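Report on one structure; see the data block that follows.
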Amino acid sequence: MAWTYLLLAGLLEIGWPVGLKLAQAPGTRITGIVVAIAFMAASGTLLFLAQRQIPIGTAYAVWTGIGAAGTFLVGVFVFGDPSSLVRYLGVSLIVAGVVALKFGH
């Protein structure tokens, strides 16, 4: 169950940078901040639960890896952030690291 919590925490970690991005637009400033805070709280709570059984270093690395890779993809596909083969390779290495941590546990 701890790995399920950690996976969900990582996915929710994507929500708070998206909320902060939304908060940059004047019409969605408050909504974006509320979204960011809600996702931070939910993600942090699930990380807390996951760390009951998963070592802190592994949990934190997986959590941030999922969040970083997911946020990159949302940035490219939703917000039109720049992409290149090298950037996709970098994200692939992050995902490979997360997978290695899971199987090494």
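Predicted model, so just to flag it, every value in this text is computed and none were measured. The first residue in the sequence is number 1, and the count goes up from there.
Cluster annotation: Leu11 and Leu73 are assigned to distinct hydrophobic clusters (Ile/Leu/Val/Met/Phe/Trp/Tyr, side-chain heavy-atom contacts under 4.5 Å, transitive). Neither Val62 nor Phe39 shares a network with the other; the hydrophobic side chains, linked directly or stepwise wherever heavy atoms of I, L, V, M, F, W or Y lie under 4.5 Å apart, form separate groups for each. Cluster annotation: Leu8 and Ile37 are assigned to distinct hydrophobic clusters (Ile/Leu/Val/Met/Phe/Trp/Tyr, side-chain heavy-atom contacts under 4.5 Å, transitive). Under a hydrophobic-cluster definition in which Ile, Leu, Val, Met, Phe, Trp and Tyr are linked whenever side-chain heavy atoms come within less than 4.5 Å, directly or via other members, Leu47 and Ile66 are assigned to the same cluster. When hydrophobic clusters are built by joining Ile, Leu, Val, Met, Phe, Trp and Tyr residues whose side-chain heavy atoms come closer than 4.5 Å, directly or via intermediates, Ile14 is grouped together with Leu7.
Counting all heavy atoms, side chain and backbone alike, Val98 lies closest to Ala61 at CG2-O, 4.3 Å. Listed here is the closest heavy atom pair of Val35 and Gly15: CG1-O, 4.1 Å. Taking each heavy atom of Val76 and Pro82 in turn, the nearest pair found is CG2-O, 3.9 Å. Residues Val95 and Ala69 approach most closely at CG2-CB, 4.0 Å, considering heavy atoms. In plain terms, the two heavy atoms of Leu101 and Trp3 that are nearest each other are O-CH2, 4.4 Å. Among all heavy-atom pairs drawn from Ala68 and Ile94, the shortest one is CB-CD1, 4.5 Å.
Summarising the local packing, CD1 of Ile56 is surrounded by 12 or fewer heavy atoms from other residues, nucleotides or ligands at distances under 6.0 Å. Within 6.0 Å of CZ on Phe79 lie more than 12 heavy atoms contributed by other residues, nucleotides or ligands.
Looking at residues two or more places apart in sequence or on another chain, you find a ring-ring contact (aromatic ring centres under 6.0 Å, His included) between Tyr88 and Phe72.
Contacts classified as side-chain hydrogen bond (donor to acceptor under 3.5 Å, both in side chains) and involving residues 27-47 (residues at least two apart or in different chains) are given here: Glu13-Ser43, Ser43-Trp63.
With rounding to the nearest 0.5 Å, the separation of OG1 in Thr4 from CG in Leu49 is 11.5 Å.
Contact check for Leu6 versus Leu46: no side-chain heavy atoms found under the 4.5 Å cut-off. Thr71 places none of its side-chain heavy atoms less than 4.5 Å from the side chain of Val18.
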